[in-house]
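Hydrogens, waters and symmetry mates play no part in the numbers below; they use all other heavy atoms, side chains included. Keep in mind that this is a model prediction, so the values were computed, not measured. Sequence lines set the chain letters: A, B, ... in the order given, protein chains first and strands last, and positions in each chain run from 1.
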Protein chains: 2
Amino acid sequence: MRPPPWRIGQIAKRTGLSVRTLHWYDEIGLLTPSFRGESGYRLYTAADVARLQQIVSLRQLGFALEEVRACLDSPDFSPLTLIQRHLAHSRDRMEAQRRLCDRLEFLAAHWGETETVSVEELLQTIEEMNVIAKYYSPEQLEQLKVRGEQVGKARIRQVEDEWPKLMDEVRTEMEKGSDPSSEVVQALARRWMSLIHEFTGGDAGIEKSLQTMYSQEQSIHGTDLKAMQPMMDYIGKAWAAAK
Amino acid sequence: MRPPPWRIGQIAKRTGLSVRTLHWYDEIGLLTPSFRGESGYRLYTAADVARLQQIVSLRQLGFALEEVRACLDSPDFSPLTLIQRHLAHSRDRMEAQRRLCDRLEFLAAHWGETETVSVEELLQTIEEMNVIAKYYSPEQLEQLKVRGEQVGKARIRQVEDEWPKLMDEVRTEMEKGSDPSSEVVQALARRWMSLIHEFTGGDAGIEKSLQTMYSQEQSIHGTDLKAMQPMMDYIGKAWAAAK
DNA sequence: CCTTGACCCTCACGTTGCGTCGGGCCGTAC
DNA sequence: GTACGGCCCGACGCAACGTGAGGGTCAAGG
């Protein structure tokens, strides 16, 4: 790092940028080295390096090269609005990134120990996620995610096992024509409501969204929701009778 | 949306993609419509639309077009590792985005009500942020951010006012040669330590990093840290004497 | 039959910020 | 003298389209 002016390779090493990047900055006129040797070598002075460090600093904030140029080349430029614009934009992008991570995390967790997952299963699950996202607000989804972490994956699998059994039992009672106020049906209703409550975490909004989804969609997660409608009515009656 | 096959414009409206995008997918062979009319119009069948929706689904996860192609075109493809790779990558990017947002937020907040900010001030502050980031771990910075929000901006400005005054008083006592165990110096030491404590929030690690920074850097935020070294020793003696 | 307007086609260049060649000159050490 | 590494310029490549230019097609209306 002996005498200024320095050649391009020195500058590259010093700043961590690539030689090509410095060529590029020169080419677009963002940083033109003050001198050229007789052989055509770019020669950078201390002032050039200072400007380059400013460029690097502004780039760290995610500014585009043209914005960096605007900052450095117009002496009375006030970067405040630029920063605020960038902040808003960055926050948006971060939100999008966060949601994407959530989705990926869910998918990764969903098949945590599974060896191989087929593309069909993946697409199926994405489709379900999209359907679900249609009915819950982002905040509700966040709530559900937290709740899912609270109850643990083991319990979730337990419940996923239990649901179809419970539905079978309810269907049986319905077909037998059992009175909703009978003790057997009451017990089923209590189990039903308990599972729902475990899912919603007692949040009324989430339960509302869940019901809206059940009434609008005809199938999800392999369950025929249309066929569930009468069951829900039946259980609803039993629950009402219990009170 | 009458009879399949549909023309490109219909498909575009239906999927929310642009016509150009569909052209592009055709060009790279990701989605070639099953038919062409005699006039050369692209004609998409229901199967084409189904594939397109799969493409859109996978793109939502942030997959590159080539990855989408790999998923859809090799029948025994298992996307699990792809998802995990993507998740790791996405988390990294989100972390970077978060740090960038933090920096921008700090800058925006730093000049909250100021009308115009010069580029020099901006660059100066970025430089300080870089120096600070050299000495604190990301977790510590997060802690400091939270702490800053707790104490409020008004108090921060108060402290920023108070520091130079306190330093002046300490310097005066030093030059007078006052005994560190004297009551006057003890009082100064108590004020000094109190301010430090208010900054660190009582965190030993942060205080350590702060001291490292003070000993390594020669100037920050317009304060001559080299000149502060003897003052810190002096206060240290006074504090030790107090105990 | 002609026009109009919506829709479609195929090039083909622009975008961002460089990475990565290829072919050839320059500088220094052995 | 020559070998090796640094530097030059020019040009293509990248991801995923956007945005024209210039021109055909189709259905309805005058």
Side-chain angles (χ1 to χ4, degrees), chain A residues 1-3 5-44 48 52 55-72 86 89-90 93 96 100, chain B residues 1-44 48 52 55-72 82 86 89-90 93 96 100:
Chain A
M1 211 71 51
R2 254 44 53 78
W6 301 281
R7 299 198 310 197
I8 200 168
Q10 307 284 321
I11 302 294
K13 256 177 220 152
R14 199 162 144 174
T15 59
L17 301 175
S18 71
V19 170
R20 178 64 179 108
T21 297
L22 294 170
H23 279 171
W24 176 244
Y25 290 172
D26 186 7
E27 196 175 330
I28 65 171
L30 180 60
L31 177 67
T32 306
S34 302
F35 302 108
R36 292 279 189 132
E38 349 179 330
S39 53
Y41 286 15
R42 288 170 181 82
L43 296 174
Y44 294 82
D48 295 333
L52 183 54
I55 293 171
V56 170
S57 289
L58 294 173
R59 287 242 65 197
Q60 277 185 5
L61 297 183
F63 289 179
L65 294 182
E66 280 313 312
E67 293 170 329
V68 171
R69 191 212 303 275
C71 271
L72 296 181
H86 244 77
H89 187 228
S90 290
R93 280 204 307 175
L100 199 153
Chain B
M1 211 73 51
R2 253 55 44 79
W6 300 280
R7 298 196 309 196
I8 200 168
Q10 306 284 321
I11 302 295
K13 255 177 220 151
R14 200 163 142 174
T15 58
L17 301 175
S18 72
V19 170
R20 177 64 176 114
T21 297
L22 293 170
H23 279 172
W24 178 243
Y25 290 172
D26 186 6
E27 197 175 331
I28 64 171
L30 181 60
L31 177 67
T32 306
S34 301
F35 302 109
R36 291 279 188 135
E38 353 178 328
S39 52
Y41 286 15
R42 288 171 179 81
L43 296 175
Y44 293 82
D48 295 334
L52 183 53
I55 294 172
V56 170
S57 287
L58 293 173
R59 285 242 67 196
Q60 277 185 4
L61 296 184
F63 289 0
L65 293 183
E66 282 312 312
E67 293 170 329
V68 172
R69 191 211 305 273
C71 272
L72 296 181
L82 180 59
H86 244 76
H89 187 228
S90 289
R93 279 204 310 173
L100 199 154

Asker: Check whether any side-chain heavy atom of A/Arg69 sits under 4.5 Å from a side-chain heavy atom of A/Ile28, and report yes or no.
Answerer: yes
Asker: Salt bridge check, B/Arg42 against B/Asp48: does any charged N sit closer than 4.0 Å to a carboxylate O?
Answerer: no
Asker: D/dG18, C/dC18, D/dA16: which one has an atom nearest the side-chain heavy atoms of A/Ser18?
Answerer: C/dC18
Asker: Whole Å only: how far is the CG atom of A/Leu22 from the P atom of C/dG17?
Answerer: 15 Å
Asker: Figure out the CG/P separation between A/Leu17 and C/dC18, and round it to whole Å.
Answerer: 8 Å
Asker: Are the side chains of B/Tyr25 and B/Leu65 in touch, meaning some heavy atoms are under 4.5 Å apart?
Answerer: yes
Asker: Between atom CG in A/Leu43 and atom C1' in C/dC26, what is the gap in whole Å?
Answerer: 13 Å
Asker: If you check the A/Arg7 side chain, which of D/dC8, C/dC7, C/dG27 turns out closest?
Answerer: C/dG27
Asker: Phosphate oxygens OP1/OP2 of C/dG17: is one of them under 4.0 Å from a side-chain N or O of A/Thr21?
Answerer: no
Asker: Is there a donor-acceptor contact under 3.5 Å from the side chain of A/Thr21 to the main chain of A/Leu17?
Answerer: no
Asker: Using side-chain heavy atoms (C-beta onward) and a distance below 4.5 Å, is B/His86 in contact with A/Leu100?
Answerer: no
Asker: Does a nitrogen or oxygen in the side chain of A/Tyr25 sit under 4.0 Å from OP1 or OP2 of C/dC18?
Answerer: yes
Asker: Please check the phosphate of C/dC8 (OP1 and OP2 only) for any side-chain N or O of B/Arg42 closer than 4.0 Å.
Answerer: no
Asker: Separation of A/Trp24 atom CH2 from D/dC7 atom C1', in whole Å?
Answerer: 20 Å
Asker: Whole angstroms only, please: what is the CD-P distance between B/Gln10 and D/dC26?
Answerer: 15 Å
Asker: Over all strands shown, is A/His23 touching base, sugar-phosphate only, or nothing at heavy-atom distances under 4.0 angstrom?
Answerer: sugar-phosphate
Asker: Looking at side-chain heavy atoms only, is the closest gap between A/Arg20 and A/Trp24 below 4.5 Å?
Answerer: yes
Asker: I want to check something: taking the side chain as every heavy atom from C-beta on, are B/Leu31 and B/Ile55 in contact at a cut-off of under 4.5 Å?
Answerer: yes
Asker: Please assess B/Leu82 against B/Cys71 for the test side chain to side chain contact (heavy atoms under 4.5 Å, CB included), listing each intermediate value before the final yes or no.
Answerer: CA-CA 9 Å; B/Leu82 180 59; B/Cys71 272; 4.0 Å; yes
Asker: Would you mind reading off the distance between A/Arg20 atom CZ and D/dC14 atom P, rounded to a whole angstrom?
Answerer: 16 Å
Asker: Report yes if some heavy atom in the side chain of B/Ile11 is under 4.5 Å from a heavy atom in the side chain of B/Leu22; otherwise report no.
Answerer: yes
Asker: What residues from residues 26-41 of chain B pass a heavy-atom cutoff of under 4.0 Å to DNA chain D?
Answerer: B/Ser39, B/Tyr41
Asker: Show the nearest heavy-atom pair for residues A/Ala12 and A/Ser18, with the distance to one decimal.
Answerer: CB-C, 4.3 Å
Asker: Heavy atom of residues 63-71 of chain B under 4.0 Å from DNA chain D: which residues?
Answerer: B/Ala64, B/Leu65
Asker: I'd like to know whether A/Tyr41 forms a side chain to side chain contact (heavy atoms under 4.5 Å, CB included) with A/Arg36, so could you lay out the CA-CA distance, the side-chain angles of the two residues, the decisive distance to 0.1 Å, and finally the verdict.
Answerer: CA-CA 5 Å; A/Tyr41 286 15; A/Arg36 292 279 189 132; over 6 Å; no
Asker: When you get a sec, tell me which of C/dC18, C/dC8, C/dC7 is the closest nucleotide to the side chain of B/Lys13?
Answerer: C/dC7
Asker: Polar-atom pairs under 3.5 Å, protein N or O versus N or O of nucleotides 20-22 of chain D: list them with distances, or write none.
Answerer:
none

Asker: Just how far, in rounded Å, is P of D/dG24 from CD1 of B/Ile8?
Answerer: 20 Å
Asker: Just wondering, do A/Arg7 and A/Tyr44 contact through their side chains at under 4.5 Å, heavy atoms?
Answerer: no
